[in-house]
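Below is one structure; the comments refer to it alone.
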Amino acid sequence: MEFDVQKIRQDFPILSKKVNGYPLVYFDNAATSQKPQIVIDSIVDYYSNYNANIHRGVHTLSQVATDAYELSRKKIRKHFNASKDCEIIFTSGCTHGINIVASGFSSLLKKGDEIIVSAMEHHSNIVPWQMLCEKTGVLLKVIPMNEDGELIISEYENLLSNNTKLVFVNHVSNSLGTVNPIKDIIDKAHQKGAAVLIDGAQATSHLIPDFQELGVDFYVTSAHKMCGPTGVGILYGKEEWLKKLPPYQGGGEMIKEVTFKKTTYADLPHKFEAGTPNISAGISFGVAIDYLNTIGLKKIATYENELLTYATDQLMKIEGVKIYGTSKNKVAVISFNIGTIHPYDIGTIIDKLGIAVRTGHHCTQPIMDFYKIPGTVRASFAFYNTKQEIDVFIEAIKKAKMMLS
Ligand SMILES: *Cc1c(COP(=O)(O)O)cnc(C)c1O
């Protein structure tokens, strides 16, 4: 069946809006994706028809809400092929998930232990680990990358040692689009007895990681980059690891019994789910996954790849354009600069024409330092974008270039 992008676009109310008097061209999907009506409706449905706190009430609405929330957890477990529902912890997003693991490991690691990060991480997969290092005296090592924006795996092999306890890398780089060879990274870490956390924030909108096949120890992602709402995500952890890690926050929901002498913690997943969660968001995360599966992630990836090739070819025709992130294995993200024009100026001009891109360091300052640039213009595509939109974008970039040079 043909990929009917015009039909798909009708699912997203925002795509027919005008911004600054022009039809919206939304190329900031790596920051957050747009939401289909069915996801928006599911949020309204929860608050209109069965709003109640979950896991507590004996009353009917509480049970309906609990069932919907837990059904969503099951959907997510199935989608990513985790072996048990209790291995899926609802979080407020990727950042929260990483902090749960980093904070937990700070009580498991000691001076002399080593942990490994990559040169292309989002700040949210750097800073929590630096905080852990400050607390514990653990050594942080960095996997370098090459000019194409690919991790240098032979260097990674050299960094691994019997002291390595944990490796954390992103599945897909938000600034470069590079898809990292995570299966290989995981296998090599496991040979040294180290655990691996994968930051999947940019991956799960383009592909479906299979948690069991990967053998990954921890995997985090956010719903809002995959057509779901903000304020919810998941931390997947192997059951044995989640049992070993201490809880992150204390509060209601995460306890078995509380006295002033001693508190015992609830079983998984509740041990890591203190307090009332974002219930409607958890439920609509499941709806977003159903929506993506109805279209099919394989079809989505194929179509987005066409957009990537088309946009790359058109951009490269503009003199002075340099693209950062030129791996063969990449998703539909293009980071670029034109000569010495500041990315912010380009972003500002094309915004006046209704085009949304991101400019700056994209929460990845080490990547910008590597290329010795202050930032880039980043256009990131989703399956509801079109070649016509790319044409509009290319014309706008040419206009901006003319005005600024
Ligand atoms: C967006 C993003 C994050 C942070 O996700 P939040 O939803 O803001 O917590 C982490 N890593 C990568 C690669 C991202 O793109």
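These numbers were taken from a predicted model, which means no experiment stands behind them.
When atom types are taken as modelled, the side chain of Asn170 and the backbone of Gln202 share no donor-acceptor pair closer than 3.5 angstrom. Remark: side-chain polar atoms of Asn293 are not paired, donor with acceptor, to backbone N or O of Gly296 under 3.5 angstrom. Between the side chain of Thr386 and the main chain of Glu389, a donor-acceptor pair closer than 3.5 Å is present. A donor-acceptor distance shorter than 3.5 angstrom exists from the side chain of Ser173 to the backbone of Ser175, with no hydrogens or angles considered. Using modelled atom types, one side-chain atom of Thr66 and one backbone atom of His55 make a donor-acceptor pair closer than 3.5 Å. Under the 3.5 Å distance criterion, the side-chain polar atoms of Tyr248 are left unmatched by any main-chain donor or acceptor of Asn99. Judged by distance alone, the side chain of Glu155 and the main-chain N or O of Ile143 form no donor-acceptor pair under 3.5 Å. Under a 3.5 Å cut-off, the side chain of Lys401 and the backbone N or O of Glu319 do form a donor-acceptor pair. Side-chain atoms of His79 never come within 3.5 Å of backbone atoms of Ile208 as a donor-acceptor pair (strictly under, hydrogens ignored).
The distance from atom CG of Leu109 to atom CD1 of Ile115, rounded to the nearest 0.5 Å, is 7.0 Å. Once rounded to the nearest 0.5 Å, the distance linking NZ of Lys35 with CD1 of Ile40 reads 9.0 Å. Annotation: the span from Cys227 atom SG to Ile38 atom CD1 amounts to 11.5 Å, rounded to 0.5 Å. Within the model, atoms NZ of Lys243 and CG of Asp267 stand 8.0 Å from one another, a figure rounded to the nearest 0.5 Å. If you take CG on Leu15 and CG on Leu24, they are separated by 6.5 Å, rounding to the nearest 0.5 Å. Once rounded to the nearest 0.5 Å, the distance linking CE of Met120 with OG1 of Thr364 reads 10.0 Å.
A heavy-atom distance below 4.5 Å is not found between the side chains of Phe218 and Ile98. Put simply, the side chain of Ile186 reaches to within 4.5 Å of the side chain of Ile198, judged on heavy atoms. At least one side-chain heavy atom of Thr164 sits under 4.5 Å from a side-chain heavy atom of Ile116. Within the 4.5 Å cutoff, side-chain heavy atoms of Phe336 are placed close to those of Ile397. In this structure, Ile289 and Met226 have side chains that are in contact, with non-hydrogen atoms separated by less than 4.5 Å. Pro36 places a side-chain heavy atom less than 4.5 Å from the side chain of Val39. Using a 4.5 Å heavy-atom cutoff, the side chains of Pro374 and Tyr344 are not in contact. With a 4.5 Å cut-off on side-chain heavy atoms, Thr309 and Asp313 count as touching.
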| request: I would like to know whether Ile234 and Phe80 meet side chain to side chain contact (heavy atoms under 4.5 Å, CB included); could you show each step before the answer? | output: CA-CA 11 Å; Ile234 54 144; Phe80 293 117; 4.0 Å; yes
| request: Go through the steps to decide whether Tyr46 and Ile279 satisfy the test side chain to side chain contact (heavy atoms under 4.5 Å, CB included), and finish with yes or no. | output: CA-CA 9 Å; Tyr46 166 77; Ile279 301 168; 3.5 Å; yes
| task | Assess whether side chain to side chain donor-acceptor pair (under 3.5 Å) is satisfied between Ser327 and Asp148, documenting all intermediate values. | result | CA-CA 5 Å; Ser327 175; Asp148 285 325; over 6 Å; no
| said: Working note: Leu61 + Asn51, criterion side chain to side chain contact (heavy atoms under 4.5 Å, CB included); need CA distance, chi angles, decisive distance, verdict. | reply: CA-CA 7 Å; Leu61 284 192; Asn51 171 53; over 6 Å; no
| field | side chain to side chain donor-acceptor pair (under 3.5 Å) assessment of Tyr384 paired with Asp11 | value | CA-CA 9 Å; Tyr384 42 71; Asp11 296 338; over 6 Å; no
| task | Kindly indicate, with the supporting measurements, whether the criterion side chain to side chain contact (heavy atoms under 4.5 Å, CB included) is fulfilled by Ile390 and Asn385. | result | CA-CA 8 Å; Ile390 292 172; Asn385 290 131; over 6 Å; no
| said: Set out, in order, the CA-CA distance, both residues' side-chain angles and the distance that settles side chain to side chain donor-acceptor pair (under 3.5 Å) for Ser118 and Glu121, then state yes or no. | reply: CA-CA 6 Å; Ser118 96; Glu121 296 307 308; 2.5 Å; yes
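Looking at residues two or more places apart in sequence or on another chain, you find a side chain to side chain donor-acceptor pair (under 3.5 Å) between Ser124 and His122. With sequence neighbours left out, the side chain to side chain contact (heavy atoms under 4.5 Å, CB included) criterion links Asn337 to Tyr324, Pro343, Ile373, Thr376. The side chain to side chain donor-acceptor pair (under 3.5 Å) check on Thr91 picks up nothing, with sequence neighbours excluded.
In terms of heavy atoms, Ile54 sits closest to Ser62 at CA-OG, 4.3 Å. Closest approach of Lys75 and Asp290 over heavy atoms only: NZ-OD2, 2.7 Å. Between Met368 and Gly375 the shortest heavy-atom distance is SD-CA, 3.7 Å. For Ser72 against Ile283, the heavy-atom pair with the smallest separation is OG-O, 3.8 Å. In terms of heavy atoms, Val357 sits closest to Val377 at CG2-CG1, 3.8 Å. When all heavy atoms of Cys94 and Ala201 are compared, the closest pair comes out as SG-CB, 3.7 Å.
For an aromatic pair to be called close, the ring centres must be under 6.0 Å apart, and Tyr303 with Phe383 fails this. When ring centroids are compared, Phe27 and Phe393 come within the 6.0 Å threshold. Checked against the 6.0 Å centroid criterion, the rings of Phe90 and Tyr69 qualify as a close aromatic pair.
Other residues, nucleotides and ligands contribute at most 12 non-hydrogen atoms within 6.0 Å of the OH atom of Tyr22. For Lys78, the NZ atom counts as loosely surrounded, since its 6.0 Å shell holds 12 or fewer non-hydrogen atoms of other residues, nucleotides or ligands. Counting non-hydrogen atoms of other residues, nucleotides and ligands closer than 6.0 Å to CD of Glu240 gives a total above 12. By the 6.0 Å contact criterion, CD1 on Ile318 is enclosed, its count of non-hydrogen atoms from other residues, nucleotides or ligands being greater than 12. The local environment of CZ in Phe370 is crowded, with over 12 non-hydrogen atoms from other residues, nucleotides or ligands closer than 6.0 Å.
Here Asp28 does not pair with Arg358 in a salt bridge; the nearest charged N to carboxylate O distance is not below 4.0 Å. Residues Glu150 and Lys328 are not paired through a salt bridge, judged by the lack of any N-O separation under 4.0 Å between the basic side chain and the carboxylate.
Within the structure, side-chain hydrogen bond (donor to acceptor under 3.5 Å, both in side chains) pairs that include any residue of residues 206-222 comprise Asn81-Asp210, Asn81-Gln212, His171-Tyr219, His190-Asp217, Thr204-Thr221, His206-Glu304, Asp217-Lys238, Asp217-Trp241 (at least two apart or interchain). Contacts classified as side-chain hydrogen bond (donor to acceptor under 3.5 Å, both in side chains) and involving residues 128-138 (residues at least two apart or in different chains) are given here: Asn125-Trp129. Residue pairs meeting the salt bridge (Lys or Arg N to Asp or Glu O under 4.0 Å) criterion with at least one member in residues 182-196, sequence neighbours excluded, are Glu157-Lys188, Lys183-Asp187, Asp184-Lys188.
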